[in-house]
Amino acid sequence: MTETRPAAVAGFFYPADPSQLGAEVAGYLANAETAADGPVPKALIAPHAGYAYSGPIAASAYRLLTPAADRIRRVVLLGPAHRVAIRGLAAPSVEAFQTPLGPVSIDRAAIDEIVALPQVAIDDEAHREEHSLEVHLPFLQRVLGEFSLVPLVVGGASGEEVAEVLDKLWGGEETEIVISTDLSHHHDYATAQRMDAATAEAIETLHPEKIEREGACGRIPVAGMLTAAKRRGMQVERLDLRNSGDTAGSRDKVVGYGSWAVTGGGAVAAKGQDEATATDPDVKLLSKHGAKMLNAAT
């Protein structure tokens, strides 16, 4: 068994040189407009594109973790499958994920616990070239320093299945949850703004069933997060909402990005009838057709 998953998109989505990468991430964080001294969210929703496109939007989320750098010891990171068609959620078998900033250890005990669930399996191929998780790691390394990771690639699953996994991994102040997603893909600027505004409203009102299939590539992990958050009476606050036409690209065909903080809440409430994601049509779609490889702007 390979002990470490090497970085797959260093030099493509973000710099491969450690000094350059560290400086670039630090610059994004320093320029983020969110306050670094406010309440620390339990979970973040943030984008996963090439840093030139989505780095500033991701930084607006990660800066909020600065006050908790000494107490967050584990990050549960979920993102959509782009390279391999999978059913359910895929966990890796390795002991660490490598980035140019160093290795991030995997919480094997946590993974051993959740693989007992029928929707979770060990699948290294799903992780081998997947960027939706990797691009978050340098931000987490820069903000948190040392931490362990529970990385999960999400394929054909329901929001309820994802929420069940999150419930098992929820933990306390030592655990941060990060959901990775981009928004609309390859529409003109005005169309993307309309689509992303609708997706943002669905996220902020905790209505994952209102997120259109083309509204977010990570709509299934987002649905799981919103389902878990709604049970706990939590709130979702928008931090940033832009697209590649605002950051580093033309406005002919853009990709949307947003970041949100999930805060508040208490004990888990009983499951209600509003959990419309329990029978998501993407389960059959992704299982049959898979997901297409996206470029550095996605």
Return yes if some donor-acceptor pair links the side-chain N/O of S244 with the main-chain N/O of V255 below 3.5 Å, else return no.
-> yes
Does any pair with a residue in residues 84-107 pass ring-ring contact (aromatic ring centres under 6.0 Å, His included), and if so which ones, sequence neighbours excluded?
-> F97-H127
Is any side-chain heavy atom of V162 closer than 4.5 Å to a side-chain heavy atom of M225?
-> no
So, E161 side chain and Q119 main chain: donor-acceptor pair closer than 3.5 Å or not?
-> no
Is any side-chain heavy atom of H185 less than 4.5 Å from a side-chain heavy atom of E214?
-> no
In terms of heavy-atom contacts, A46 and A61 come closest through CB-CB, 4.3 Å
Do you know the tightest heavy-atom contact between L101 and P18?
-> CD2-O, 3.6 Å
Hey, does the side chain of Q141 reach the backbone of G102 with a donor-acceptor pair shorter than 3.5 angstrom?
-> yes
Considering all heavy atoms, the nearest D167-A228 contact = OD1-CB, 4.1 Å
Under the criterion side chain to side chain donor-acceptor pair (under 3.5 Å), which of E237, Q235, E204 is the partner of W260?
-> E204
Flag side-chain contact, heavy atom, 4.5 Å: V236 against V262 | yes
Kindly compute the distance separating CZ (R232) from NZ (K42), expressed to the nearest 0.5 Å.
-> 8.5 Å
Atom CD of E173: over 12 foreign heavy atoms under 6.0 Å = no
Over all heavy atoms of both residues, which pair between S184 and H187 is shortest? Give the atoms and the distance, please.
-> CB-CD2, 4.1 Å
Close side-chain approach of L169 to I177, heavy-atom, < 4.5 Å = no
Name all residues meeting the ring-ring contact (aromatic ring centres under 6.0 Å, His included) criterion together with F139; count only those two or more places apart in sequence or in a different chain, and write none if there are none.
-> Y51, Y62
Separation between OG1 of T227 and CG of L166, rounded to the nearest 0.5 Å = 9.0 Å
Kindly say whether S132 contributes a backbone atom to a donor-acceptor pair with the side chain of S180 at under 3.5 angstrom?
-> yes
Whether E174 side chain and G172 backbone form a donor-acceptor pair below 3.5 Å = yes
Please check if M195 and Y189 belong to a single hydrophobic cluster, counting links between Ile, Leu, Val, Met, Phe, Trp and Tyr side chain heavy atoms closer than 4.5 Å.
-> no
Do V76 and W170 come close enough that some side-chain heavy atom pair is under 4.5 Å?
-> no
Is the backbone of T34 close enough, under 3.5 Å, to the side chain of R63 for a donor and an acceptor to pair up by distance?
-> yes
Find the distance between CD (E125) and CD1 (I122) and round it off to the nearest 0.5 Å.
-> 14.5 Å
To the nearest 0.5 Å, what is the distance between CD1 (I211) and OG1 (T199)?
-> 6.5 Å
What pair of heavy atoms forms the shortest contact from E201 to T205, and how long is it?
-> O-OG1, 2.7 Å
Salt bridge or not for K230 and E160, using N-O below 4.0 Å?
-> no
Do L226 and I179 share a hydrophobic cluster (ILVMFWY, side-chain heavy atoms under 4.5 Å, transitive)?
-> yes
Closest heavy-atom pair and its distance - V94, E3 | CB-O, 3.5 Å
Could you give me the CA-CA distance, side-chain angles and deciding distance for L89 and V154, then say whether side chain to side chain contact (heavy atoms under 4.5 Å, CB included) is met?
-> CA-CA 5 Å; L89 293 80; V154 182; 4.1 Å; yes
Would D246 and R251 satisfy side chain to side chain contact (heavy atoms under 4.5 Å, CB included), going step by step from the backbone distance to the final call?
-> CA-CA 8 Å; D246 300 313; R251 295 194 170 188; 3.4 Å; yes
Any side-chain heavy-atom pair from I111 and P92 closer than 4.5 angstrom?
-> yes
Pair F147-I72, side chain to side chain contact (heavy atoms under 4.5 Å, CB included): steps then yes or no = CA-CA 7 Å; F147 63 95; I72 296 175; 5.5 Å; no
For L152 and I114, what are the C-alpha separation, side-chain angles and deciding distance, and is it a side chain to side chain contact (heavy atoms under 4.5 Å, CB included)?
-> CA-CA 11 Å; L152 298 170; I114 61 173; 3.8 Å; yes
How long is the gap from OG1 on T181 to CD1 on I45, to the nearest 0.5 Å?
-> 8.0 Å
Please examine the side chains of S54 and T247, heavy atoms only from C-beta on, and report whether any two atoms are closer than 4.5 Å.
-> no
Side chain S259, main chain I57, donor-acceptor under 3.5 Å | yes
Within the side chain of E95, is there an N or O that forms a donor-acceptor pair under 3.5 Å with the backbone of S93?
-> no
Residues D188 and R194 bridged, charged N to O under 4.0 Å | no
Shared hydrophobic cluster, L241 / V254 (ILVMFWY, side-chain heavy atoms < 4.5 Å) = no
What is the distance from atom CG of L144 to atom CG of L137, rounded to the nearest 0.5 Å?
-> 11.0 Å
Measure from the side-chain N and O atoms of N243 to the backbone N and O of Q193, and report whether any donor-acceptor pair falls under 3.5 Å.
-> no
Under 4.5 Å between any side-chain heavy atoms of L78 and V165, yes or no?
-> no
Which residue pairs pass the salt bridge (Lys or Arg N to Asp or Glu O under 4.0 Å) test with at least one member in residues 130-146, sequence neighbours excluded?
-> R5-E134
Is the backbone N or O of Y257 less than 3.5 Å from a side-chain atom of D196, with the two atoms forming a donor-acceptor pair by type?
-> no
State whether the number of non-hydrogen atoms from other residues, nucleotides or ligands found under 6.0 Å of E129 atom CD is greater than 12.
-> yes
